[in-house]
Amino acid sequence: LPARLVNLSVALRVRFQRTAEETDIDDAVQAGRDSVMATAGDDPRRPDRLSSLAAALQVRFQQLGRQADIEEAVQIAREATALGRARGEDRATRLSALGLVLRDQFRSAGTMADLDESIHVHRQALRAIEADHPARAIFLLNLGGVLRTRYETTRRPSDAIQARSE
């Protein structure tokens, strides 16, 4: 049942992104919550289900602007990251997702600590994956994006240099 619920959540989230039907994203969040609740705390699939729920909350925040959604998405993404493996693509993906959620929270609340933490976890994501891994470019792109956001906010030349050199 939890696997079907997470699949339903993803499908509803994708449909919402195409149709903007608010009930779809609300149902996606609920299916994500139900999937997490139906998954044991020690189940190795729990981090992925938490990540999926965080993604649904993030999309709902991005489209509808509900501050509580981004705050909850950060909390859930942190939990997913804490539960997952120490290295590898799955870990890097969860860290990068946390970084993107933190970036969205920064854009909403303007708290520089969120942006600084976003940069930190994006760097952790890069350390979690092999240098020659095909997905590494995505993680580099995400880090460059948050460094650019920090540069646009602070106008510190060091941020622009880091964004180009990472």
Side-chain angles (χ1 to χ4, degrees), residues 2-3 5-18 24-37 39 41 43-109 111-131 133-150 163 166:
L5 287 167
V6 78
N7 290 341
L8 175 62
S9 177
V10 171
L12 288 165
R13 183 178 77 219
V14 169
R15 187 167 76 179
F16 169 76
Q17 290 172 308
R18 291 185 180 158
D24 285 340
I25 194 62
D26 292 339
D27 291 346
V29 168
Q30 188 57 53
R33 288 187 202 290
D34 293 345
S35 175
V36 169
M37 293 299 292
T39 304
D43 189 313
R45 294 166 294 201
R46 186 173 179 83
D48 292 332
R49 292 178 183 154
L50 287 164
S51 292
S52 183
L53 173 57
L57 287 161
Q58 183 181 20
V59 166
R60 188 164 71 179
F61 165 76
Q62 289 169 340
Q63 299 302 314
L64 304 177
R66 298 178 186 167
Q67 187 64 30
D69 285 338
I70 198 63
E71 292 168 3
E72 186 179 3
V74 168
Q75 174 193 3
I76 290 169
R78 286 185 201 284
E79 184 180 349
T81 301
L83 290 176
R85 297 181 321 146
R87 296 199 50 79
E89 184 177 2
D90 289 345
R91 169 93 172 143
T93 299
R94 281 192 286 280
L95 284 164
S96 188
L98 172 59
L100 293 174
V101 171
L102 286 162
R103 181 213 51 209
D104 283 355
Q105 184 166 270
F106 163 77
R107 287 180 175 165
S108 174
T111 305
M112 190 57 81
D114 291 330
L115 189 56
D116 291 339
E117 185 180 358
S118 175
I119 291 167
H120 176 75
V121 297
H122 278 296
R123 287 186 170 137
Q124 285 182 312
L126 286 169
R127 286 192 295 275
I129 197 165
E130 299 80 23
H133 194 285
R136 187 173 179 83
I138 294 167
F139 303 123
L140 283 166
L141 180 67
N142 289 342
L143 173 59
V146 294
L147 285 167
R148 180 180 178 190
T149 299
R150 189 166 71 180
E166 294 286 342

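Note that the structure is predicted; figures quoted are calculated from it, not measured.
For the pair L147 and R123, the minimum side-chain heavy-atom distance is below 4.5 Å. Put simply, the side chain of H122 reaches to within 4.5 Å of the side chain of L100, judged on heavy atoms. Annotation: side chain of R78 is in contact with side chain of E117 (closest heavy-atom distance under 4.5 Å). The shortest side-chain heavy-atom distance between L53 and V29 falls under the 4.5 Å cut-off. In this structure, the side chains of Q75 and L50 stay at 4.5 Å or more apart for every pair of heavy atoms.
Within the structure, the side chain to side chain donor-acceptor pair (under 3.5 Å) test picks out the following pairs touching residues 48-59 (sequence neighbours left out): T39-R49, D48-R94, Q58-D104. The salt bridge (charged side-chain N to carboxylate O under 4.0 Å, His left out) analysis of residues 9-18, with sequence neighbours excluded, yields the pairs R15-D24.
The main-chain N or O of E89 is found under 3.5 Å from a side-chain atom of T93 such that the two form a donor-acceptor pair. In this structure, T81 contributes its side chain and A77 its backbone to a donor-acceptor pair below 3.5 Å. In terms of modelled atom types and a separation under 3.5 Å, the side chain of T111 and the main chain of F106 share no donor-acceptor contact.
Interatomic distance, CG of L126 versus NE2 of H133, reported as 12.0 Å (0.5 Å rounding). Q105 contributes atom CD, which lies 11.5 Å from atom CG of D69 (distance to the nearest 0.5 angstrom). Taken to the nearest 0.5 Å, the CD atom of E71 stands 12.0 Å off from the CD1 atom of I76. One finds the CD1 atom of I25 at 8.5 Å from the CD atom of Q63 (value rounded to the nearest 0.5 Å). For the atom pair CG (L95) and CD (Q124), the distance works out to 5.5 Å, reported to the nearest 0.5 Å. Considering CG of L57 and CD of Q62, their distance stands at 11.0 Å, rounded to 0.5 Å.
Checked for salt-bridge contact, R60 and D26 meet the test: a charged N lies under 4.0 Å from a carboxylate O. Checked for salt-bridge contact, R33 and E72 meet the test: a charged N lies under 4.0 Å from a carboxylate O.
Remark: I138 CD1 is loosely packed, at most 12 non-hydrogen atoms of other residues, nucleotides or ligands lying under 6.0 Å away.
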